[in-house]
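Some notes on the structure that comes next.
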There are 2 protein chains.
Amino acid sequence: MSASDHLNHFCSENICPCQEKCPLSTALGIIGGKWKIPILCALNYDGPTRYNALRKKIKGVTNTMLVTSLKELEADGLVLRTQYNEMPLRVEYKLTENTNNLLPILGNLTVWGKEIEN
Amino acid sequence: MSASDHLNHFCSENICPCQEKCPLSTALGIIGGKWKIPILCALNYDGPTRYNALRKKIKGVTNTMLVTSLKELEADGLVLRTQYNEMPLRVEYKLTENTNNLLPILGNLTVWGKEIEN
DNA sequence: CCGCATCCCGCTCGATACTG
DNA sequence: CAGTATCGAGCGGGATGCGG
């Protein structure tokens, strides 16, 4: 089994189907964007986190971008939003099982990234 | 060993280091962009390929984008350019060992992408 | 055959101010 | 506390034409 066999999952035709809609592009699209990884990383490290805590932890992010990114992650099923109608209002974000399946893959990508940085 | 342990490779501080330079961001930056994956996919499927053949295979790509993407991939050590000074000129591109290490990870991402599409 | 140079557009993202 | 609304800059990417 050559290394190429792994890619044949999504490149099994004479013309690469990745140009159109393919699962790999879907995956990369979901975790793409400037703030997605920092958000996932923060939530993974800290567990359920409140909105403002998240904003303070992720340096440089604005309300606009944090809200937008969180909404997309929620729509894609990676993040769960829980609202507690207390006083004052409390909203917590946490990772879902879908994300837990993704984490080891990102870990592998990290290892690969380390090697290539040399 | 929890799923989280995988991410702790690149998120081992109180404040997520991914916001600054981290190997995961590096990796995603390298394979990011609209045409990187289609190029890697085509080269993986077909082996060493000439410039024009690559351009015909990757539907919709322009000279500008193909050249730019190939140069970046070459600079990042994912693609090797070989020029044969024949008549007419022949230039072939192929994947490097660095890329072969990446392929199984992309395969895993593809599997994850398939599952989340449902 | 294999590119490069230039111009231009849309979309992401940032800054700022405001609200339930 | 947890967001919204709006505006504009910057950059990735597309179109076109030219050069070795």
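Chain naming here is simple, since letters A, B, ... match the order of the sequence lines and numbering starts at 1 in each.
- Along DNA chain C, the nucleotide closest to A:Asn63 and the one closest to A:Gly32 are compared, and the more 5′ of them pairs with A:Gly32.
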Between protein and nucleotides 6-12 of chain C, map the contacts as a letter string: B base, S sugar-phosphate only, - none, heavy atoms under 4.0 Å, written 5' to 3'.
-> -------
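- Here B:Arg50 lies in heavy-atom contact (under 4.0 Å) with sugar-phosphate atoms only.
- For A:Glu86, the side chain to side chain contact (heavy atoms under 4.5 Å, CB included) criterion is met by A:Tyr84, A:Arg90, not counting sequence neighbours.
- Formation of a donor-acceptor pair under 3.5 Å by the B:Thr26 side chain with backbone atoms of A:Gly113 is not found in this model.
- Inter-residue side-chain proximity for A:Thr99 and A:Leu43 is flagged as unmet; no heavy-atom pair is nearer than 4.5 Å.
- For residues 69-80 of chain A, every residue pair satisfying the side chain to side chain donor-acceptor pair (under 3.5 Å) rule, not counting sequence neighbours, is listed here: A:Lys36-A:Glu72.
- Take B:Lys94 and apply the side chain to side chain contact (heavy atoms under 4.5 Å, CB included) test, not counting sequence neighbours, and it matches B:Pro48, B:Leu80.
- DNA chain D is contacted by A:Val67, A:Lys71, A:Arg81 of residues 67-86 of chain A, taking any non-hydrogen atom closer than 4.0 Å.
- The list of salt bridge (Lys or Arg N to Asp or Glu O under 4.0 Å) pairs with a residue in residues 96-111 of chain B, not counting sequence neighbours, is empty.
- B:Leu54 and B:Thr49 make their closest contact through N-CG2, 3.8 Å (heavy atoms, listed as atom of the first residue, atom of the second, distance).
- Remark: B:Tyr93 engages no residue in a side chain to side chain donor-acceptor pair (under 3.5 Å) (not counting sequence neighbours).
- Computed from coordinates, the B:Leu89 CG to C:dC1 P distance equals 10 Å when rounded to whole Å.
- Nearest heavy-atom pair across B:Leu73 and B:Ile30 is CD2-O, 4.3 Å.
- One end of the helix from C:dC1-D:dG20 to C:dG20-D:dC1 points its axis 50° away from the other end's axis, with each axis taken from 5 pairs and the angle rounded to 10°.
- Distance alone, capped at 3.5 Å, is enough to place a donor-acceptor pair between the A:Trp112 side chain and the B:Asn98 backbone.
- As judged by a 4.0 angstrom heavy-atom cut-off over every strand, A:Arg90 is placed among residues touching the sugar-phosphate backbone only.
- Going from atom CD1 of A:Ile58 over to atom P of C:dG14 covers 12 Å, rounded to whole Å.
- Side-chain atoms of A:Thr62 never come within 3.5 Å of backbone atoms of A:Gly60 as a donor-acceptor pair (strictly under, hydrogens ignored).
- Mapping heavy-atom proximity under 4.0 Å, the span of DNA chain D touched by chain B runs 5' to 3' from D:dG13 to D:dT16.
- Taking B:Asn52 as the reference, B:Arg55 meet the side chain to side chain contact (heavy atoms under 4.5 Å, CB included) condition, with sequence neighbours excluded.
- Put simply, CZ on B:Arg50 and NZ on B:Lys56 are 9.0 Å apart, with the number rounded to the nearest 0.5 Å.
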